[in-house]
Enquirer: 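One structure, as C-alpha cells, below. Some questions next.
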Amino acid sequence: MTNKNDSVPVLVAVAWPYASGSRHLGHLAGAYLPADVFARFQRLAGNEVLMVSGSDVHGTPITVRADSEGTTPSDIVDRYHKEFLDNWEKLAISWDLYTSTGTDNHSEVTHDVFMKLFEKGHIDKRSSEQFYDEDAGRFLPDRYIEGVCPHCEYPEARGDQCENCGRTLDPEELIKPISKISRSEPTLKETEHFYLRLSDFQEPLSKWLSGREGWRNHVLNFSKGWIEEGLHDRAITRDLDWGIEVPVEGIGAGKKIYVWFEAVIGYLSAAKEWSKNNGSEDDWKKWWTNPASRSVYFIGKDNIPFHTIIWPAMLIGYGGLNLPSNVPANQYVTFKGGKASASRGVGLTITESLEVFEADSLRYALAASFPEQSDTELTVEEICRRINEELVATWGNLVNRVLSMIYNSCDAQIPSPELRNDEDLALLKGIDQIIELVAEEIDKVELRAALQKGMSGAAEVNAYLNSMEPWKLSKTDPERAATVLGTALSAIAGVRVCLAPYLPFSTGLLNDVLGPVNSWRREEPEHGKKIEKPKPLFKKVDKSLLGLDD
RNA sequence: GGCGACGUAGCUCAGUUGGUGAGAGCGCGCGAUUCAUAAUCGCGAGGUCGACAGUUCAAGUCUGUCCGUCGCUACCA
C-alpha cells in the first residue's frame, strides 16, 4: 500500500458540470462524489492530490436557455455556477480548484493547445454549407432550425433530432426549415471551419487502449468500438457568439471554438490556474509531465469517448503530457427505470436533495449505490432506507452506544488499553485488516464495495460488544468493562478511518474525542481523556415528513 | 436500423481468466439481548442465475437465436 515514502502525485480530474441547469443526483453519484471519495482517500494515504474541475460555461443549451428566458448566457452561467458552488460547499466536495471555462487562463491554454495542434497539422481548415439566417445575420446551430420531420411529418422537428419520432436529423433534411430566431427561412451559405484530424490518431489510440489494464470493461469496450468503426475528423469551430475565440487571423468574424474541444482542456488549464494561485507556476507539471503521476478521470458513461478517444488524441498530438491512467466512468443512476434528468423532472436535483437530507447521509446513500458496474435504480425510499437502516443503525448507533457507556460508566474517561486480552486484540487486528482491504478497493475505484467493507467493520464491533456485554461487566467487573469499552472505541477509531473519505462531516464530529483523521491507519485513542456527553452523529430521516414524490 | 450494456433471492446489487452444494445488504420469520437514535447480535426461510439451443468432463461465467430494459448514434457534451 502507498505510504509517505513512495508518495505519488494523483490528478483527480472531474467532469465539468454544465452550467445550463441544476445538476441532479445522477451527476453527483456518477462523478463528483466518487471523485471526492477517491481524492480524500489518496490524501490520507499520503499521496499528493490535485483535484480540479469547474463549470462548463459554453455551448448551445446555455444559449438556448438564455434565449428562452429572454436573458443572456452569462446570466444563466452565473446563476448555475453559483448554485454549484453552494452544492459543493454543503457536500464538502474537496476541490483543490473549482473554476470555470470562462476564465482568461482557460482561453489562453485552449489557444495554446489549438495552435500547437494546428502547427503540427492535426487541425486543418475546410469549407461546408450551413444554414444562415439573413434577418438575424448569423449562422444557425442545428437545434435553432425547425421544420417538418421527413420521417413522421411532425411539424416542429429540430435540426438535430425529431422529438416526435426520435430520429436524428440533418437540418438539410427538414421540410420547410425556418429559423427559430427570426421565423424566416434560412439559406444555405458556405462557411469555413477548423477540423481536428482525429483520423490521424487511429493507430496510436488503438495501441494505447489495448494496453490499458484495470479499466472497467464497459469503458474499454465502448472505446474500442468507437475506434473500430473508424475515427472521423470533427469540426472544432462553430459560427457562434458565445464561446472562446478562434486564435487564427482571417477566418472570419463570429466564429468560436466548439465547446467539446475546449471543455476537456479544462483539466489542463485548471491545473495551470491552480499553480499560478499557489505561487509556483510550474507546479502543474508534477501531475502532467511526470510519468510517475497518475491521472484518474471521474465521468459519467455518456462522456466516455471524449475522455478515452478525443482528449487522449489531443494530448498525443500536443505531446509531452500524461494520458489518462484510468477513466472509471460510472453508469447511470436511474429513477423509475429512466436516466435522471433535471430538465425532464426525473429524479432530484442536488439542491433539492440537500434541503431534505443531511450531507453525510446523502453521501452515504449515494456511495452505497454508486452505479459502478451497471445502471442502478434509486428512489427516495431507498435513500431513506440506506440512511435509517444502515448508516444510523449500524454505524451511528455503534458510536453512540459506546460513547454513552464510556460517559456513564467510565467516569467519562477514555479507558486504558493496558489490560486487553486476546479477544480484544483479535477485534483490533480484524479492523486493521479491513482498513487495508478498504484501501485496496478504493485505490481500484471500487468505492461501493469499499464502503460495504468499512461498514462490516462497524458490524464486527457491534458483535464484539454483544458478546462481551460491557453493560453487565460494569456492575460485576468495572475494570474489565472499561477495557472492553476502550477496545471498542479503538476499533471505532479504525472504522472511522475507512469511512472518513465518505463521511467527512460526521467523521469530523468525532475529532473532539478521537482527534482528526490524518493518515490511513487506526490511531489509538488518548486514554484518560475526558469526553463530553455524546450526541448522535446522524438524524434519522422521517419519511413521512419528506413529502417527496420521487 | 447500427453500436454498447444490462436482465442473478421480495428490493438494490456482487459474482476475477468456465470447476467443490450460487453470494452480500435490506426486508421477512424465529431466538437472544437491553448499553444505545425501538438501535444490536445469532440462526433460518427464499433463486430451475430472462428464454431456447449449442460448445465442454464441467457454464450464472463461452457461442448463437429470441424476448425484455436502458443508453448512445457523433450540432448535448
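Letters go in sequence order (proteins before strands), and every chain restarts at 1.
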Enquirer: Counting only side-chain N and O atoms of A/Lys472, is one of them less than 4.0 Å from OP1 or OP2 of B/U34?
Expert: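 Checking A/Lys472 against B/U34: at least one side-chain N or O falls below 4.0 Å of OP1 or OP2.
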
Enquirer: Just distance, no hydrogens or angles: give the donor-acceptor pairs under 3.5 Å from side chains in residues 482-493 of chain A, sequence neighbours left out.
Expert:
unit_1   : atom_1 : unit_2   : atom_2 : d
A/Thr483 : OG1    : A/Glu479 : O      : 3.2
A/Thr487 : OG1    : A/Arg420 : NE     : 3.2
A/Thr487 : OG1    : A/Thr483 : O      : 2.8
A/Ser490 : OG     : A/Arg522 : NH1    : 2.6
A/Ser490 : OG     : A/Glu524 : OE1    : 3.0

Enquirer: May I ask you to test the A/Gln331-A/Gln373 pair for a side-chain heavy-atom distance under 4.5 Å?
Expert: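 Contact flag for A/Gln331/A/Gln373 side chains = no.
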
Enquirer: Would you say the side-chain atoms of A/Ser269 pair up with the backbone N or O of A/His106, donor to acceptor, closer than 3.5 Å?
Expert: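 No.
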
Enquirer: On a whole-Å scale, what distance lies between the P atoms belonging to B/U17 and B/U61?
Expert: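 Roughly 13 Å separates the two P atoms.
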
Enquirer: Please report the distance separating the P of B/A9 from the corresponding atom of B/C49, rounded so that it comes out in whole Å.
Expert: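 B/A9 and B/C49 have their P atoms separated by 9 Å.
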
Enquirer: A/Ser369 near the nucleic acid: base, sugar-phosphate alone, or nothing, with a heavy-atom cut-off under 4.0 Å?
Expert: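 If one applies the 4.0 Å heavy-atom cut-off, A/Ser369 turns out to touch nothing in the nucleic acid.
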
Enquirer: Using atom names, set out every protein N or O paired with an N or O of nucleotides 1-7 of chain B below 3.5 Å, distance rounded to 0.1 Å.
Expert:
unit_1 : atom_1 : unit_2   : atom_2 : d
B/A5   : OP1    : A/Asn221 : ND2    : 2.6

Enquirer: Determine whether A/Phe261 and A/Ile123 make a side-chain contact, defined as any pair of heavy atoms from C-beta on separated by less than 4.5 Å.
Expert: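 Yes; the side chains approach each other to less than 4.5 Å.
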
Enquirer: Can you identify which nucleotide, out of B/U37, B/G25, B/U33, has its nearest atom closest to the A/Trp471 side chain?
Expert: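 That would be B/U33.
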
Enquirer: Between N or O atoms, less than 3.5 Å apart, protein on one side and nucleotides 38-41 of chain B on the other: list the pairs.
Expert:
unit_1 : atom_1 : unit_2   : atom_2 : d
B/A39  : OP1    : A/Lys540 : NZ     : 2.7
B/A39  : O2'    : A/Ala393 : O      : 3.0
B/A39  : O2'    : A/Asn397 : OD1    : 3.3
B/A39  : O2'    : A/Asn397 : ND2    : 2.6
B/U40  : O2'    : A/Arg401 : NH1    : 3.2
B/U40  : O2'    : A/Asn466 : OD1    : 2.9
B/U40  : O2     : A/Asn466 : ND2    : 2.8
B/C41  : O4'    : A/Asn466 : ND2    : 2.7

Enquirer: Can you list everything that forms a side chain to side chain donor-acceptor pair (under 3.5 Å) with A/Gln433? Sequence neighbours excluded, please.
Expert: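 If we apply the side chain to side chain donor-acceptor pair (under 3.5 Å) test to A/Gln433, skipping adjacent residues, there are no hits.
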
Enquirer: Less than 4.0 angstrom between a side-chain N/O of A/Arg234 and OP1 or OP2 of B/C75, yes or no?
Expert: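 Looking at the OP1 and OP2 atoms of B/C75, one of them is under 4.0 Å from a side-chain N or O of A/Arg234.
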
Enquirer: A/Phe261 has an atom CZ; how far is it from atom C1' of B/C75, in whole Å?
Expert: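 That distance rounds to 17 Å.
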
Enquirer: Please report the distance separating the P of B/G31 from the corresponding atom of B/G71, rounded so that it comes out in whole Å.
Expert: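 Approximately 47 Å lies between the P atom of B/G31 and that of B/G71.
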
Enquirer: Give a yes or no on whether a donor-acceptor pair under 3.5 Å exists between the nucleobase atoms of B/C11, that is its base, and the side chain of A/Arg385.
Expert: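 Per atom types, no contact qualifies.
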
Enquirer: Students often mix this up, so state it plainly: with edges at 30° and 60°, are the rings of A/Tyr80 and A/Phe84 parallel, tilted or perpendicular?
Expert: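 It falls in the tilted class, 30° to 60°.
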
Enquirer: Across the strands shown, which category fits A/Pro536 at heavy-atom distances under 4.0 angstrom: base, sugar-phosphate, nothing?
Expert: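 If one applies the 4.0 Å heavy-atom cut-off, A/Pro536 turns out to touch a base.
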
Enquirer: Identify, with sequence neighbours excluded, every residue that meets side chain to side chain donor-acceptor pair (under 3.5 Å) alongside A/Thr187.
Expert: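 In terms of side chain to side chain donor-acceptor pair (under 3.5 Å), with neighbours along the sequence ignored, A/Thr187 is linked to A/Glu134.
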
Enquirer: Sequence neighbours excluded, which residues qualify as side-chain contact (heavy atoms from CB on, under 4.5 Å) partners of A/Ser506?
Expert: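 side-chain contact (heavy atoms from CB on, under 4.5 Å) list for A/Ser506, sorted by chain: A/Asp360, A/Leu503, A/Leu537, A/Phe538.
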
Enquirer: Under 6.0 Å between the ring centres of A/His122 and A/Phe201?
Expert: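 Yes, ring centres under 6.0 Å apart.
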
Enquirer: Using the P atom on both, measure B/C70 against B/G64 and round to a whole Å.
Expert: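 My reading of the P atoms in B/C70 and B/G64 gives 24 Å.
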
Enquirer: Could you list all the salt bridge (charged side-chain N to carboxylate O under 4.0 Å, His left out) pairs where at least one residue sits in residues 455-469 of chain A, not counting sequence neighbours?
Expert: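 The answer is A/Glu469-A/Lys472.
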
Enquirer: Which residues within residues 482-492 of chain A lie with some heavy atom under 4.0 Å of an atom in RNA chain B?
Expert: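 By residue number: none to list.
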
Enquirer: Roughly how many Å is it from CG in A/Leu378 to C1' in B/U12, rounded to a whole number?
Expert: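 Result: 9 Å.
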
Enquirer: May I ask you to say what A/Phe538 touches in the nucleic acid, namely base, sugar-phosphate or nothing, with a heavy-atom cut-off under 4.0 Å?
Expert: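 The residue A/Phe538 makes base contact.
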
Enquirer: For the C1' atoms, the ones on B/G7 and on B/G15, what distance do you get once it is rounded to whole angstrom?
Expert: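 Their C1' atoms lie roughly 15 Å apart.
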
Enquirer: Using the P atom as the point on both nucleotides, what is the distance between B/U12 and B/U20, in whole Å?
Expert: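 Comparing P positions in B/U20 and B/U12 gives a spacing of 28 Å.
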
Enquirer: Between B/U16 and B/U40, how far apart are the two P atoms, rounded to whole Å?
Expert: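 About 31 Å, rounded to a whole number of Å.
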
Enquirer: Tell me, please, which residues at least two apart from A/Tyr195 pass side chain to side chain donor-acceptor pair (under 3.5 Å).
Expert: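 Not a single residue meets the side chain to side chain donor-acceptor pair (under 3.5 Å) criterion with A/Tyr195.
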
Enquirer: Do A/Ser456 and A/Ile434 have side chains that approach each other closer than 4.5 Å (heavy atoms only, starting at C-beta)?
Expert: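 In contact.
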
Enquirer: Can the ring centroids of A/His27 and A/Tyr18 be said to lie less than 6.0 angstrom from one another?
Expert: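 No, too far apart.
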
Enquirer: Work out how far the P atom of B/G44 is from that of B/G25, and round it to whole angstrom.
Expert: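 After rounding to an integer number of Å, I get 12 Å for this pair.
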
Enquirer: Among the nucleotides B/G25, B/U37, B/C76, which one has an atom lying closest to any side-chain atom of A/Tyr18?
Expert: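 Comparing B/G25, B/U37, B/C76 against the side chain of A/Tyr18, the answer is B/C76.
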
Enquirer: Using side-chain contact (heavy atoms from CB on, under 4.5 Å) as the criterion, list what pairs up with A/Glu372, not counting sequence neighbours.
Expert: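 A/Glu372: side-chain contact (heavy atoms from CB on, under 4.5 Å) contacts with A/Arg216, A/Asn330, A/Phe370, A/Glu446, A/Leu447, A/Arg448.
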
Enquirer: Return one dot-bracket line describing RNA chain B 5' to 3' (Watson-Crick or G-U wobble pairs, both distances under 3.5 Å; ( ) same strand, [ ] crossing, | another strand, . none).
Expert: (((((((..((((.....[...)))).(((((.......))))).....(((((..]....))))))))))))....

Enquirer: Return the value, rounded to whole Å, for the distance between atom CZ of A/Arg216 and atom P of B/G71.
Expert: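 About 20 Å, once rounded to whole Å.
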
Enquirer: Please list, chain by chain and in numerical order, all residues satisfying side chain to side chain donor-acceptor pair (under 3.5 Å) with A/Trp395, sequence neighbours excluded.
Expert: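 Side chain to side chain donor-acceptor pair (under 3.5 Å) list for A/Trp395, sorted by chain: empty.
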
